[in-house]
Structure formats: structure tokens, C-alpha cells
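To keep things clear, I will list the structure first and then write my remarks on it.
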Number of protein chains: 2
Amino acid sequence: MSDAALWSALADPHRRAIVALLLERPRPVGEIAEACGLSQPSTSKHLKVLREAGLVRVRQDAQRRVHALDPAPIAALDAWLEPYRRLWNRSLDALGRRLDETSDAPRHPPPPKD
Amino acid sequence: MSDAALWSALADPHRRAIVALLLERPRPVGEIAEACGLSQPSTSKHLKVLREAGLVRVRQDAQRRVHALDPAPIAALDAWLEPYRRLWNRSLDALGRRLDETSDAPRHPPPPKD
DNA sequence: CGGGCATATAACTGTCGAGGCATATTCGCT
DNA sequence: AGCGAATATGCCTCGACAGTTATATGCCCG
């Protein structure tokens, strides 16, 4: 069910921007705020959401609160995506087969259809 | 841009449920509504959102409107995920290295995960 | 061509979340 | 202790969105 938190956290474009920023390196709140053109309180709130979704972790450094990405939820997203990726591959496959049929290129063995 | 539409479409749990349903097979609106326990108008609206996000395509069959998944946006999500997946692998890597260091087990070379 | 089915759309309402401002909290420093 | 910097929190407002009811549209068939 923290699935829901994850999705709604990433639903916001500002939050995705923050996540992208943190991909480069961990950053304190102020830096994030400035980089995203957000006010400090707003940034703090977004970070709270990200924290509660498990996407972000905090390390306290004096008055600074340095936020860093936590890779785990990304894996959860990846897992969610899995079955759909299968669909995607299947459709690529079909496209490839169709191309093969209309060309005289060497054909690879038909993959076992499940 | 349409990235935003994709995320906000998938932000809704009912919509994710619909998408999951359509993964099994294409379905007409009524069937989706019943399966998700949603009213017909609500279902129609959700499907409209999914359509506008490009996640779903319609085929008209008499009065039925059969909705099916479009794999393309899934690929977009996958692409978005890419850089984060790298982070994830890196952290797995680090974990592995740490385990290697504290054990006397033979160390294996980092597996080229693609 | 009228009736009934499947679906879309309109109008309205309640809820939720984002942003802004002011203020509280926490920590380091002198 | 007192001050200033960095961040969190409370309160408020506003707009976006989901759900409902009622109605419109398109399509097949008799």
C-alpha cells in the first residue's frame, strides 16, 4: 500500500524534479529550493512527502538537512513495470517478425510464444 | 510534457487497476466498470484520462468500445527509470563489495547487468 | 423509424493537495 | 544565554479532480 504513496509522490512534477536533482548528488534543502525555484516551506513539504514515500533519506549536518535518494522504491517501480515490459517486448517482437517477413534478411528462430 | 499526463494518469489507483486489467486482455467499458467496482460514468472518465495519456487505445465494435493497452508509454516510463536503475545497481554493487570485504568468500567480478 | 443497449458528456458537489505567509524549532557560534 | 542560519510546521485559500445523477449520442435490430 506504500505503493500508493510512491505513485502520488512521483505524480508531482516538482517532486520529480527534486528526485532528478538528488540523482546527481545529495543536497541540503536550501539548495534544492533554489535549484527548483521553489519557496523554502514548499520545498520542505515536498521533501516530507518524498521521505514518507521512502524515496529520500536525510542526514543531519549541523543545521543542514542533507537529502539523498533511496534506491529501494525505484526497484519497486521497476517491479511494477515488469509485466508491462513483457507486453512491450512482445510488441517489438511482432514488429520485428513483420519486418522479417517483408525483407529477405536472415531470419532468427521464432521465439517461443507463451 | 505528456510525461506529466502519463504520471498523473497512473497516480490514481483505480486507473492503475484498469491498466492491470487491460494487461490480461482488451475489454469493453462495462466489463472494466464491473471488475473494478466503479460506476459506468466514472469508468468512462478514467478511460478518457488513460486515452489522453496514450496508455490506452480504443477499437469500436458495434456499441462496444473495446479498450486495449498501448505499450509505448510503458517504454517512456522505463526510459525515465533508466538513470535511477543505474543508481540501484550501483548500490547493489556497493553492498556486494562490502559483503565481500567482510567475508573470506571468493569475490566475483561485478555482473554486467543490462 | 423507433426502441433499447453501451458509452460518452454535463452539471454539481465534496475532498485533497499545493502554494504562500507567518511562526516555531533546532543547532552552532560567540 | 542570546543570536542568526537552516529547516519544519500551522493555518489559510484556491484550484484540480473524483464521484454521482441526469441526459445526450451512437449503434444495432425489429
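Naming convention: chains lettered A, B, ... in sequence-line order (proteins, then strands); numbering from 1 in each chain.
- Remark: B:P26 engages B:V66, B:A68 in a side-chain contact (heavy atoms from CB on, under 4.5 Å) (not counting sequence neighbours).
- Within the structure, the side-chain hydrogen bond (donor to acceptor under 3.5 Å, both in side chains) test picks out the following pairs touching residues 22-34 of chain A (sequence neighbours left out): A:E24-A:R27, A:R25-A:E31, A:R27-A:E31.
- Partners of A:I74 under the side-chain contact (heavy atoms from CB on, under 4.5 Å) rule, at least two apart in sequence or in another chain, are A:L55, B:L81, B:Y84.
- Residue pairs meeting the ring pair (Phe, Tyr, Trp, His ring centres under 6.0 Å) criterion with at least one member in residues 16-38 of chain B, sequence neighbours excluded, do not occur.
- Shown here are the side chain to side chain donor-acceptor pair (under 3.5 Å) partners of B:R57, two or more places apart in sequence or in another chain: B:D70.
- Residues satisfying the side chain to side chain donor-acceptor pair (under 3.5 Å) criterion with A:D12, sequence neighbours excluded, are absent altogether.
- Taking a 4.0 Å limit (strictly below) on heavy-atom distances, residues 9-34 of chain B reaches DNA chain D at B:D12, B:H14, B:R15.
- First and last contacts of DNA chain D with chain B, using any nucleotide atom under 4.0 Å from a protein heavy atom and ordered 5' to 3', fall at D:dA18 to D:dC28.
- To the nearest 0.5 Å, atom CG of residue A:D78 and atom CG of residue B:L77 are 10.5 Å apart.
- The nearest whole Å value for the distance from the CZ atom in B:R59 to the P atom in C:dT7 is 12 Å.
- With the nearest nucleotide of DNA chain C identified for both A:S8 and B:H67, B:H67 has the one nearer the 5' end.
- With sequence neighbours excluded, no residue satisfies ring-ring contact (aromatic ring centres under 6.0 Å, His included) with A:W88.
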Requested in this report: Let me have a per-nucleotide readout for nucleotides 22-30 of chain C, 5' to 3', with B, S or -, counting only protein heavy atoms under 4.0 Å.
Outcome: B----BS--
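- A:I32 has its side chain within reach of A:L22: a pair of non-hydrogen atoms, C-beta onward, lies under 4.5 Å apart.
- Heavy atoms of A:S44 sit under 4.0 angstrom from at least one base atom.
- Proximity of A:H46 to the phosphate of C:dG19: a side-chain N or O atom is located under 4.0 Å from OP1 or OP2.
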Determine all donor-acceptor pairs shorter than 3.5 Å in which one atom belongs to a side chain in residues 39-50 of chain A; sequence neighbours excluded.
from	atom 1	to	atom 2	distance (Å)
A:S39	OG	A:S42	N	3.2
A:Q40	NE2	A:S44	OG	3.3
A:T43	OG1	A:S39	O	2.7
A:H46	ND1	A:R15	NH1	3.2

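- Contacts of B:E82 classified as side-chain contact (heavy atoms from CB on, under 4.5 Å), with partners at least two apart in sequence or in another chain: B:R85, B:R86.
- When the P atom of C:dA11 is taken as reference, atom NZ of B:K45 falls 12 Å away, rounded to whole Å.
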